[in-house]
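See below for the structure under consideration.
This one's a predicted model, so the numbers in the text were calculated from it and none came from an experiment.
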Amino acid sequence: MSIANVPEVINNFNVYSNGNRLIGISGSHTLPNFDAITETMSGAGVLGEYETGIVGNFSSMEQELSFAVLESDMFNLMDPTQPVDITFRASQQSTVTSTGALDYTSMRIVERGRFKSFEPGKIERGKQMDAKLKFELFYILIEIDGKTVIEYDKLNSVFTVNGNDLLEKVRSQC
């Protein structure tokens with residue numbers, strides 16, 4: 001099997017809130033972890049114990065957005081009674097193995113949740129403030145080149161990986 005492209009870097013990205021591009025976002029954001037909730041199994045027929053993941057159940061998921069300075073876009077996201085809808089759009093750069101040419105693939109990440117905390121940052125002459133907002137996530141969708149690779153919706157029992165609905169049978173039984 002030959003590899004068509006060698007993935008390299010994020011060439012550029014933007015962040016949107018409810019479809020409006022956010023200005024003043026800093027240049028780096030760490031996406032949330034998917035930490036499975038597990039249970040320790042032991043008993044007759046099992047030598048010792050092991051951890052089993054409960055499919056579709058993950059610990060609290062948090063997204064942090066960093067802003068260069070305090071500005072109005074970040075305060076629009078701080079109402080805890082309203083849902084937060086954030087979209088990251090990126091262009092992933094890669095090298096085509098057969099020719100050495102550069103190519104680009106789209107990436108889109110949609111996150112929905114609720115405001116959790118605000119860190120205004122620090123004031124220093126000639127420096128960015130590094131203000132931060134944190135959100136508790138209930139939903140995340142990751143698409144690469146228009147194909148959904150992960151869709152996770154805590155409130156509606158959806159967990160899809162590469163088009164495979166891992167909770168379809170569970171939902172039909174509950």
Side-chain angles (χ1 to χ4, degrees), residues 1-38 50-69 71 73-74 76-77 83-116 128 130-171:
M1 177 173 141
S2 75
I3 298 172
N5 288 14
V6 177
E8 294 177 340
V9 297
I10 299 296
N11 183 285
N12 202 358
F13 77 98
N14 277 304
V15 183
Y16 300 83
S17 172
N18 296 312
N20 299 312
R21 191 168 77 151
L22 296 175
I23 305 298
I25 295 282
S26 18
S28 176
H29 298 282
T30 301
L31 299 172
N33 292 336
F34 286 74
D35 294 322
I37 294 174
T38 62
Y50 64 92
E51 295 288 315
T52 188
I54 303 164
V55 176
N57 288 258
F58 295 96
S59 297
S60 173
M61 298 174 86
E62 184 177 88
Q63 178 63 63
E64 181 177 275
L65 286 183
S66 296
F67 289 77
V69 296
E71 49 84 26
D73 278 340
M74 71 184 309
N76 293 333
L77 300 169
V84 173
D85 187 340
I86 300 292
T87 300
F88 295 87
R89 289 189 178 275
S91 180
Q92 298 181 94
Q93 180 176 305
S94 61
T95 293
V96 179
T97 57
S98 61
T99 65
L102 289 178
D103 196 11
Y104 302 92
T105 303
S106 66
M107 179 174 57
R108 180 173 80 118
I109 301 167
V110 177
E111 299 175 341
R112 295 185 189 119
R114 186 177 305 138
F115 169 76
K116 189 172 179 179
Q128 295 184 357
D130 197 25
K132 293 178 176 70
L133 293 177
K134 288 184 186 174
F135 308 101
E136 178 68 27
L137 298 183
F138 304 129
Y139 177 88
I140 185 167
L141 169 79
I142 302 175
E143 289 179 346
I144 298 176
D145 213 16
K147 179 185 174 209
T148 298
V149 292
I150 290 180
E151 183 175 23
Y152 180 59
D153 186 341
K154 282 188 175 206
L155 302 179
N156 293 294
S157 297
V158 173
F159 183 43
T160 303
V161 178
N162 282 329
N164 185 16
D165 185 349
L166 300 178
L167 294 177
E168 180 179 28
K169 188 172 183 179
V170 173
R171 283 192 311 275

Worksheet item: Judged by modelled atom types alone, do Glu64 and Thr30 share a side-chain donor-acceptor pair under 3.5 Å?
Response: no

Worksheet item: Please walk me through it: do Ile86 and Leu77 pass side chain to side chain contact (heavy atoms under 4.5 Å, CB included)?
Response: CA-CA 10 Å; Ile86 300 292; Leu77 300 169; 4.3 Å; yes

Gap separating the [atom1] atom of [X] from the [atom2] atom of [Y], nearest 0.5 angstrom:
{"X": "Thr148", "Y": "Arg108", "atom1": "OG1", "atom2": "CZ", "answer": "7.5 Å"}
{"X": "Tyr104", "Y": "Asn12", "atom1": "OH", "atom2": "CG", "answer": "10.5 Å"}
{"X": "Lys134", "Y": "Leu65", "atom1": "NZ", "atom2": "CG", "answer": "12.0 Å"}
{"X": "Asn5", "Y": "Thr95", "atom1": "CG", "atom2": "OG1", "answer": "8.0 Å"}

For residues [X] and [Y], determine if any side-chain heavy atom of one lies less than 4.5 Å from a side-chain heavy atom of the other.
{"X": "Asp85", "Y": "Val110", "answer": "yes"}
{"X": "Lys147", "Y": "Asn162", "answer": "yes"}
{"X": "Phe88", "Y": "Met107", "answer": "no"}

Quick one: closest heavy-atom pair of [X] and [Y], and the distance?
{"X": "Pro32", "Y": "Ile140", "result": "CG-CD1, 3.9 Å"}
{"X": "Ser94", "Y": "Pro7", "result": "CB-CA, 3.9 Å"}
{"X": "Ser60", "Y": "Glu136", "result": "OG-OE1, 2.7 Å"}
{"X": "Asn156", "Y": "Arg171", "result": "O-CD, 4.0 Å"}
{"X": "Phe135", "Y": "Phe115", "result": "CD2-CA, 3.7 Å"}
{"X": "Val69", "Y": "Met74", "result": "O-SD, 4.1 Å"}

Item to complete: Start with the C-alpha distance between Asp145 and Gln92, add both sets of side-chain angles, then the distance that settles side chain to side chain contact (heavy atoms under 4.5 Å, CB included), and finish with yes or no.
Response: CA-CA 9 Å; Asp145 213 16; Gln92 298 181 94; over 6 Å; no

Worksheet item: Would Glu168 and Thr160 count as a side chain to side chain contact (heavy atoms under 4.5 Å, CB included) if you check the C-alpha gap in whole Å, the side-chain angles of each, and the deciding distance to 0.1 Å?
Response: CA-CA 9 Å; Glu168 180 179 28; Thr160 303; over 6 Å; no

Item to complete: Can you label the angle between the His29 ring and the Phe13 ring as parallel, tilted or perpendicular, going by 30° and 60°?
Response: perpendicular

Discussion item. Evaluate Ile25 against Phe67 for side chain to side chain contact (heavy atoms under 4.5 Å, CB included), listing each step before the verdict.
Written reply: CA-CA 4 Å; Ile25 295 282; Phe67 289 77; 3.6 Å; yes

